[in-house]
Protein chains: 4
Amino acid sequence: MAGASTERALGKGDLTRRRILDAAAAEIARHGPAGAGLGAIAEAAGLRTGSLYFHFPSKQHLISAVLEEGIRASLQRLDAAMAAPQRATPAERLRAGITAHLRALAELSDYAVVVLAPQFAALHREVPGFRALRREYLRRWAELVAAAQDDGTLPAGPDPAEVRDLLLGALNAAGLAGQPPARTAEVVAALLRLPS
Amino acid sequence: MAGASTERALGKGDLTRRRILDAAAAEIARHGPAGAGLGAIAEAAGLRTGSLYFHFPSKQHLISAVLEEGIRASLQRLDAAMAAPQRATPAERLRAGITAHLRALAELSDYAVVVLAPQFAALHREVPGFRALRREYLRRWAELVAAAQDDGTLPAGPDPAEVRDLLLGALNAAGLAGQPPARTAEVVAALLRLPS
Amino acid sequence: MAGASTERALGKGDLTRRRILDAAAAEIARHGPAGAGLGAIAEAAGLRTGSLYFHFPSKQHLISAVLEEGIRASLQRLDAAMAAPQRATPAERLRAGITAHLRALAELSDYAVVVLAPQFAALHREVPGFRALRREYLRRWAELVAAAQDDGTLPAGPDPAEVRDLLLGALNAAGLAGQPPARTAEVVAALLRLPS
Amino acid sequence: MAGASTERALGKGDLTRRRILDAAAAEIARHGPAGAGLGAIAEAAGLRTGSLYFHFPSKQHLISAVLEEGIRASLQRLDAAMAAPQRATPAERLRAGITAHLRALAELSDYAVVVLAPQFAALHREVPGFRALRREYLRRWAELVAAAQDDGTLPAGPDPAEVRDLLLGALNAAGLAGQPPARTAEVVAALLRLPS
DNA sequence: CATGAATGAGGGTTCATTCAT
DNA sequence: CATGAATGAACCCTCATTCAT
């Protein structure tokens, strides 16, 4: 959970900026936005407090940037997972989605905490565009679930959105707790009795 | 999720103290421990900042008290749920546990956030006895799951602890999001294909 | 120029607040708004920096309060001076106005600097009502001058407003420089050849 | 009052240096020495903050340079005015001095504010030689006044220094307020009843 | 010459805490 | 019991300054 970086996924940019973002994500994940001190973030990034202001105009902007990084990386991974073979069966695609989500959690690490944890709802509201992105993310998952229900893979009846929320709740809990993706995916599949 | 009180469950005590605890739980749930200002807590409780110190010796103690209230109320509810008829089948007891957990979340509201959210891990470590209580809580759930696996109600194979973590993750996500307990319990039962 | 107080003129109020205002007026008069440090102001008022925030919500508000005090005290003194016997000749009233203005400068001291100095124009714009008050102040002076011109006491011809600006410019320069009011009034009267 | 330059009066030199000085004079005139940020000065001069240090070793030196520019330009103008026909009558020379002073204010603009305003007394003390130059400036004015008093042009009796301070106070107020020199000079002459 | 980047000292502000009333 | 007032530490932020490029 320490020093996670979205480097590879986000392309190369200003290196210092990336170090600051990673440090900020870690601090925020651990202590919340209010408890994340610029001093601690700067130290973790290898510079002094005042220097942060050369890269970000304020703590608020830094926090927003962390959220945006997290969202961007999340969506990118989801795209990769969802763009998978459309000819796959709903069950296969559901499995792929679960695995992709768990892997994303593991790779995003601290960013995932900031993006997903309901404790940061207040934060989320302050970043323009965040809600739209998350809505899109959830919409795709609901489609995945609905397809699996139509197919008989998942029990028909329950609202796909509710099913999705429960499913993602379970995945997030395991992922944020640091469980290995592959193993967790298997257990989930077993519980849902997905055809192997 | 607003202004929740554990009054009934915790018995009557000092009324002002209870108002302060409720206000603190709400602030902490929304802004984290660092972001919960004594000023905001005092205002929500109907007094001035300095007056808090008549009821609690420090912010740390106040926060600890909130956690302890949450834990006490949680365990009390769990006891009620688990103390259910031992002659019931594992499936029935699992269902009862799920419903009880969801009801507890709904009733505990802000306290539940503070007790459950992994973001408050740092806090949890500072409250003596908290880990023991939670361990006991999780042990009982693991037993419930194991019994259901032995019984064929849940797929055998996966580690009961992992199953439990996924299950509680799903329940907590729904509960903290404000979903109605009864409805959520049904969806969960359907997904797990518990016998009705 | 040091530690001036408008105490008597403004009525009794919170004593600490007054001490802070006086200290702030002195600091601002000497170093400008930007150069007036809250540390220096607090020290001169006999408390610590943070304590200022119990009495004023921000440095901006403190500065505005200083301006308002200065304006209030100025107008009060002007009223007294202008309310003088209406049966007096224009020359007598002009003399009285000059003396009153010089005395006000001496008594207001640091507040006068803040209220009058054109360097604080930026400040003035931020205090609502300031401009209206000053306009009224200047209007009365223009009337005084016009009456003296009609009367032959002052040369007719020049715009009363321009005459007033020159006159007040001279008075302010002498007053802010700390010249004794009585003596300065005599020299001004001599230069303008006012009948003794 | 905006973007004034002493270019013509001071001869040609480094162009960038002149732009910086003009920008600094404007900033200082408007916000005081403490409120004049190097960032704002640099921007107005068309370069970045750090680049200022190629032209001036520190903010203090830059401010001193502004003052020196202002003084140099002032004295130069005064010399021109005073060096006028010695055979002129005191009244004529007084008139010429008044006009020259007003013209200098108009031309020096922001520099005049910095040089004249009593609020910058603290600054003045830090520039070696400033006081001597000003003393000389004031001495010449006092002579001018004394000659006019001996001559009967101005009322005898008052201390020439006091008369001079009042006169310059009036001129400076009008000049810094942006009044046109010629017109102001006429009004002043009328008030003092100088022979036309 | 000029700049991007970093720094440290200091400034304004918040906040948990104390205490006399 | 409660509050108004004060405090000091820590915080976020600004700014003059330096320096490698």
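Letters go in sequence order (proteins before strands), and every chain restarts at 1.
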What do you reckon, are the aromatic ring centroids of H124(D) and F130(D) less than 6.0 Å apart? yes
Starting from C1' on dG12(E), measure out to CD1 on I41(C) and report it in whole angstrom. 11 Å
Can you tell me how far apart CD (E69(D)) and CG (L108(D)) are? Round to the nearest 0.5 Å. 10.0 Å
With nearest nucleotides of DNA chain F determined for P33(A) and A36(D) from heavy-atom distances, which residue corresponds to the more 5′ nucleotide? P33(A)
At a heavy-atom distance below 4.0 Å, which nucleotide of DNA chain F is the first touched by chain D, and which is the last? dA16(F) to dT18(F)
CZ on F54(A) to CD1 on I20(A), rounded to 0.5 Å: 10.5 Å
With rounding to the nearest 0.5 Å, note down the distance linking CG in L67(D) to CZ in F120(D). 9.0 Å
Before giving the answer on side-chain hydrogen bond (donor to acceptor under 3.5 Å, both in side chains), spell out for H61(C) and S64(C) the whole-Å C-alpha distance, their side-chain angles and the decisive distance to 0.1 Å. CA-CA 5 Å; H61(C) 284 84; S64(C) 294; over 6 Å; no
dT21(F) to dC1(E) separation - C1' atoms, rounded to the nearest Å: 13 Å
Atom pair distance, as rounded to whole Å: CD in E27(B) and C1' in dC15(E): 14 Å
Rounded to the Å, how far apart are L47(A) CG and dG8(E) P? 11 Å
With a non-hydrogen cut-off below 4.0 angstrom, is S58(A) in contact with a base, only sugar-phosphate, or nothing? sugar-phosphate
Using a 4.0 Å heavy-atom cut-off, does G50(D) contact any base of the nucleic acid, only the sugar-phosphate backbone, or nothing at all? base
Decide side chain to side chain contact (heavy atoms under 4.5 Å, CB included) for V66(B) and D22(B); before the verdict, give the C-alpha distance in whole Å, the side-chain angles of both, and the deciding distance to 0.1 Å. CA-CA 8 Å; V66(B) 168; D22(B) 286 356; over 6 Å; no
Nearest-Å distance, NZ (K59(C)) to P (dT14(E))? 14 Å
Along DNA chain E (nearest heavy atom to each residue), the more 5'-positioned of Q60(C) and Q60(B): Q60(C)
Between L38(C) and R48(A), whichever has its closest DNA chain E nucleotide further toward 5' is R48(A)
Both distances under 3.5 Å, Watson-Crick or G-U wobble: on that basis, could you give the dot-bracket string for DNA chain F, with [ ] for crossing pairs and | for other-strand partners? .||||||||||||||||||||
